[in-house]
Structures are given as C-alpha cells and as structure tokens.
Amino acid sequence: MKTFSSVSEAFDWWVKNLYPELSPEQKKGKAVQAMQDYIYGRGISEKRMRQILMEYGHFEIETVVRYKP
C-alpha cells in the first residue's frame, strides 16, 4: 500500500506509474484528457483528479482535517 499526503501528489504518481500501464482502450477518453491537462498545465480540478484516481487507479481517498489547539 502507498500513502500520499494530497490528491495532487497521488495523481502525479498515477500519471507517472499507472497511466503508462493502462490498456490502449483505457487510455482513450477521460484518462488521456486528464493526463494531458495535468502534464501540459492546462488545469485539472481536485474533483476530476479524484474521479480519475478512483476509476483508473483503484485508489481509496479519505479526507482528514485535524484541529490541534
């Protein structure tokens, strides 16, 4: 299991490590568009990153917010 400190960090890892392993069929449509938007700096929302990670990477995403007085 691999843990990331942010969705952006996880998405960066996905682009570099999992995207190249996708089948040619999976690399069409949403996955390739998201990867290109990220790589070429066209902007990609955290919501879209989450969707791609869950659909194409089998990620489990939890949000943790801690307040320490």
What is the distance from atom [atom1] of [X] to atom [atom2] of [Y], rounded to the nearest 0.5 Å?
| X | Y | atom1 | atom2 | answer |
| --- | --- | --- | --- | --- |
| Arg50 | Ser45 | CZ | OG | 10.0 Å |
| Lys30 | Arg48 | NZ | CZ | 10.0 Å |
| Arg42 | Gln33 | CZ | CD | 6.0 Å |

- Qualifying residues under side-chain hydrogen bond (donor to acceptor under 3.5 Å, both in side chains), relative to Lys27, sequence neighbours excluded: none
- Query: Is there a donor-acceptor pair closer than 3.5 Å between any side-chain N or O of Gln26 and the backbone N or O of Ser23?
  - Reply: yes
- Message: Under 4.5 Å side-chain heavy-atom separation, chaining through any Ile, Leu, Val, Met, Phe, Trp or Tyr, what else clusters with Tyr67? Say none if it is isolated.
- Response: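 ILVMFWY cluster around Tyr67 holds nothing else.
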- Message: Can you list, by chain and residue number, the hydrophobic cluster partners of Ile61 when the side-chain cut-off is 4.5 Å?
- Response: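 The other cluster members (ILVMFWY side chains, heavy atoms under 4.5 Å, direct or chained) are Phe4, Val7, Phe11, Trp13, Trp14, Val15, Leu18, Tyr19, Leu22, Val32, Met35, Tyr38, Ile39, Tyr40, Ile44, Met49, Ile52, Leu53, Met54, Tyr56, Phe59.
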